[in-house]
Every structure is written in C-alpha cells, then in structure tokens.
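Below is one structure, written out as structure tokens; comments come after it.
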Amino acid sequence: MLGHPRFELLLGDVEQAFELRVNKIYNLACPASPVHYQRNPVKTVRTNILGAINVLDLANKTGARVLQASTSEVYGDPQEHPQKESYWGHVNPVGVRACYDEGKRAAETLFYDYHRQHGVDVRVARIFNTYGPKMALDDGRVVSNFIVSALQNKPLTVYGDGSQTRSFCYVADLVSGLMALMESDYKQPVNLGNPLEFSMLELAKKVVAMTGSKSKIVFKDLPSDDPKQRQPDIGIAKSLGWEPKVDIHIGLQTTIHYFKRLLCAQ
Ligand SMILES: NC(=O)c1ccc[n+]([C@@H]2O[C@H](COP(=O)([O-])OP(=O)(O)OC[C@H]3O[C@@H](n4cnc5c(N)ncnc54)[C@H](O)[C@@H]3O)[C@@H](O)[C@H]2O)c1
C-alpha cells in the first residue's frame with residue numbers, strides 16, 4: 001500500500017489525541033489475539049477506551065462518520081445461541097479476558113453516548129473470528145496456530161475436549177462487510193461474521209488433512225472464561241445487502257498457501 005499515491009501512513013498511538021482532516025474513520029486499533037491483549041491488559045483497556053474517546057472527539061470536530069471494530073467478545077460466554085445484536089452478553093468483568101471484552105463494551109457505550117450527546121455519526125461492527133493471509137506467524141489465534149503447527153509437523157494444541165465452537169469469516173468478506181456498514185444508514189450494532197460453525201477439533205482435523213501434515217493433535221486444559229460456542233446471527237447484515245461469500249475450504253487453502261510461503265522465506 002505504501003506505493004499507492006492515495007495512501008498515507010502516519011504512525012501513532014490511538015491513546016494520544018490527534019488532529020486530521022478526515023471524513024470517514026475506521027477504528028481498528030487494538031490487539032485482537034488473547035496472547036497479545038493479555039500481555040499488557042492495562043494498555044488494552046486504555047487503547048479501547050482512550051482510543052474510542054480520541055476517534056470520537058476527532059469525528060465530533062470534523063463531522064466525520066466513525067466505525068468501531070467491536071467484537072463478538074461483547075457477548076462473552078453466550079447463553080443465547082446464535083447471538084443476535086439484541087443479546088446483552090454474559091461477560092466475566094474481572095477475568096483475564098475482561099481487558100478486551102469490557103474494553104470493547106465500554107467503547108460501544110462511548111460510541112452511543114457521543115451519538116446521543118453530540119450527534120456523532122457512528123457505526124458499530126461486532127466482528128466474529130476472522131482469518132486469512134497477512135496474519136503474523138506469532139498471531140496466536142486458532143486458525144494461524146493450527147496452520148503454522150501443521151506446516152511444521154508440530155503438535156496442534158486443542159483446549160478442553162475440542163467441542164467448543166467458533167464461526168470463521170474470511171478476511172476479504174469481513175472487509176467488504178465493514179465497508180458496506182460504513183456506507184449504510186444503519187447506526188445500531190451489526191454482527192459481521194460467517195455463521196458456519198465448527199468445533200475446534202473439527203477445525204484441527206481439517207487443517208491436518210489439508211496440509212498433509214504428520215502433526216498429532218494434543219489436548220490441554222481450557223483457558224479461563226473461554227466461550228463454549230459462538231455463532232453470529234447475521235440477519236441485520238443481510239438486510240444491509242452483505243453476506244460472506246468465501247467458502248471455508250477456499251479460505252483455508254489461501255491462508256495455508258500464504259503461511260507456506262512465509263515459512264519458506266524465513
Ligand atoms: N480478527 C478478528 O477475528 C477480530 C474479531 C473481532 C474484533 N476484531 C477487531 O478488529 C480490529 C482489527 O483486528 P485484527 O485482527 O486486525 O487485529 P491485530 O491484532 O492483528 O491488529 C491490530 C492493530 O492495531 C494496532 N494497535 C494496537 N494498539 C494500538 C494503539 N494503542 N494505537 C494504535 N494502534 C494500535 C496494532 O499495531 C495492529 O496494527 C481490532 O480492533 C479487533 O479487536 C478482530
């Protein structure tokens with residue numbers, strides 16, 4: 001992107017206030033993988049809350065529309081399945097995941113308070129697990145962990161008995177969903193994700209088969225507050241004209257190809 005004439009990269013910490021001439025803001029800044037966001041949980045809370053305040057202040061000053069990358073983690077370990085946007089969630093406010101989950105929930109609160117109090121034009125996307133090329137080798141989330149281990153013939157670690165489920169959305173689908181939401185008139189939170197649900201054990205077996213790996217699957221204790229199931233209800237996103245298109249098999253193939261090249265280049 002750096003070579004593109006209409007692209008400019010400015011480095012900064014979203015915790016610090018900044019001034020820019022903008023008309024649309026996508027606030028994606030926040031570590032998203034549990035290993036990364038739990039490394040410095042106080043920083044994660046600050047990024048979520050001060051970051052939201054700073055982008056909202058900027059939107060308020062400039063009149064820009066602002067989209068928040070929120071998360072399915074606002075539903076916590078859900079007691080409603082699949083999750084609709086109307087569900088208020090089931091989050092442990094003092095657990096190790098709270099810096100992210102509650103940080104994102106507080107950011108949503110700020111978005112709607114700035115909207116009600118100052119008329120800021122807000123959009124909120126609740127993103128479900130997303131995967132695809134350009135993830136880092138040490139990202140630490142399940143799809144990249146499984147693929148990188150399988151390509152190296154190392155054991156794939158499944159937590160608990162592997163029956164917990166997630167729904168995985170290919171990155172290109174997610175990006176088109178974020179853009180569709182930004183361009184829509186819909187101001188309430190919208191789930192963006194792929195409703196096709198997999199157990200972690202099924203995913204591990206699929207990755208081993210697709211990579212032709214000799215890896216074994218090993219089981220470890222479940223981390224605390226790990227959600228047991230996750231599946232978006234995407235009725236609202238569909239009514240805005242968006243739904244995911246990329247089949248999981250194709251998405252995984254593309255991602256495996258990307259990680260193969262990355263490992264070869266090392
Ligand atoms: N990928 C997913 O499955 C998923 C799911 C739900 C929500 N989200 C949200 O979408 C957004 C992007 O996710 P991702 O998977 O690309 O995450 P990522 O962790 O791969 O990237 C996050 C980016 O945010 C930047 N960042 C972190 N703290 C910052 C700070 N204080 N100031 C400025 N930049 C900062 C990082 O440098 C990095 O470029 C995040 O807000 C995340 O919470 C992602």
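Start at 1 with the first residue, then count along the sequence. Indexing begins at 1, ligand by ligand and atom by atom, following the structure's order.
Atom 30 (C) of ligand 1 has Asp13 OD1, 3.6 Å as its closest protein atom, hydrogens excluded (heavy atom only). Scanning the protein for heavy atoms near atom 3 (O) of ligand 1, the closest one is Thr130 N, 2.8 Å. For atom 23 (C) of ligand 1, the closest non-hydrogen atom of the protein is Cys30 O, 4.1 Å. With hydrogens left out, the protein atom closest to atom 4 (C) of ligand 1 is Ile127 CG2, 3.8 Å, a heavy atom. Considering only non-hydrogen protein atoms, atom 19 (O) of ligand 1 sits nearest to Ala32 N, 3.1 Å. Of the protein's non-hydrogen atoms, the one nearest atom 12 (C) of ligand 1 is Leu28 O, 3.6 Å.
Counting the atoms of ligand 1 from 1 in the order shown, those under 4.0 Å from a heavy atom of Gly12 are 32 (N), 33 (C). Listed by number with element, the atoms of ligand 1 under 4.0 Å from a non-hydrogen atom of Ala29 are 24 (O), 33 (C), 34 (N), 35 (C). Under a 4.0 Å criterion applied to the non-hydrogen atoms of Pro31, ligand 1 contributes the atoms 19 (O), 27 (C), 28 (N). Counting atoms of ligand 1 from 1 in the listed order, those under 4.0 Å from a heavy atom of Asn129 are 3 (O). Atoms of ligand 1 found under 4.0 Å from any heavy atom of Ser70, numbered from 1 in the order shown, are 6 (C), 7 (C).
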- Evaluate the criterion salt bridge (Lys or Arg N to Asp or Glu O under 4.0 Å) for residue pair Asp13 and Lys43; output intermediate values, then yes/no. CA-CA 11 Å; Asp13 188 326; Lys43 173 78 185 167; 2.5 Å; yes

Quiz item: So Glu183 and Arg65, salt bridge (Lys or Arg N to Asp or Glu O under 4.0 Å) or not? Walk me through it.
Solution: CA-CA 10 Å; Glu183 299 311 321; Arg65 180 175 289 179; 5.0 Å; no

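Of the possible donor and acceptor atoms, one in the side chain of Ser33 sits under 3.5 Å from a partner among the backbone N and O of Asp139. When atom types are taken as modelled, the side chain of Ser215 and the backbone of Lys154 share a donor-acceptor pair closer than 3.5 angstrom.
Tested against Tyr26, the residues Arg123, Met179, Gln68 include a single side chain to side chain contact (heavy atoms under 4.5 Å, CB included) partner, Met179.
No chain of hydrophobic side-chain contacts below 4.5 Å, direct or via other Ile, Leu, Val, Met, Phe, Trp or Tyr residues, connects Ile127 to Phe111.
Looking at Asn194 and Ser167, their side chains never bring a donor and an acceptor atom within 3.5 Å of each other. Using modelled atom types, one finds no donor on one side chain facing an acceptor on the other under 3.5 Å when comparing Arg230 with Tyr75. For the residue pair Tyr170 and Asp247, no side-chain donor N or O sits within less than 3.5 Å of a side-chain acceptor on the partner. Side-chain atoms of Glu197 and Thr165 include a donor-acceptor pair closer than 3.5 Å. Side-chain contact, His36 with Gln38: no donor N or O sits under 3.5 Å from an acceptor N or O.
Within the 4.0 Å heavy-atom criterion, neither part of Glu15 lies near ligand 1.
Within 6.0 Å of NZ on Lys205 lie no more than 12 heavy atoms contributed by other residues, nucleotides or ligands.
Ligand 1 is never approached by Met135 to a heavy-atom distance shorter than 4.0 Å. Remark: distances from the non-hydrogen atoms of Arg141 to ligand 1 include one below 4.0 Å. The shortest separation from a heavy atom of Cys169 to ligand 1 is not under 4.0 Å, leaving the residue out of contact. Residue contact check for ligand 1: Tyr100 places a non-hydrogen atom closer than 4.0 Å to it. Not a single heavy atom of Ala136 lies less than 4.0 angstrom from ligand 1.
For atom 36 (C) of ligand 1, the nearest protein heavy atom lies 4.0 Å or farther away. Distances from atom 39 (O) of ligand 1 to the protein include no heavy-atom value under 4.0 Å. Closer than 4.0 Å to atom 16 (O) of ligand 1 lies none of the heavy atoms of the protein.
Annotation: Thr47 places an N or O atom under 3.5 Å from an N or O atom of ligand 1; distance criterion only. On a distance-only criterion, Val14 and ligand 1 share at least one N/O pair closer than 3.5 Å.
The side-chain heavy atoms of Gln83 and His81, taken from C-beta on, include a pair separated by under 4.5 Å.
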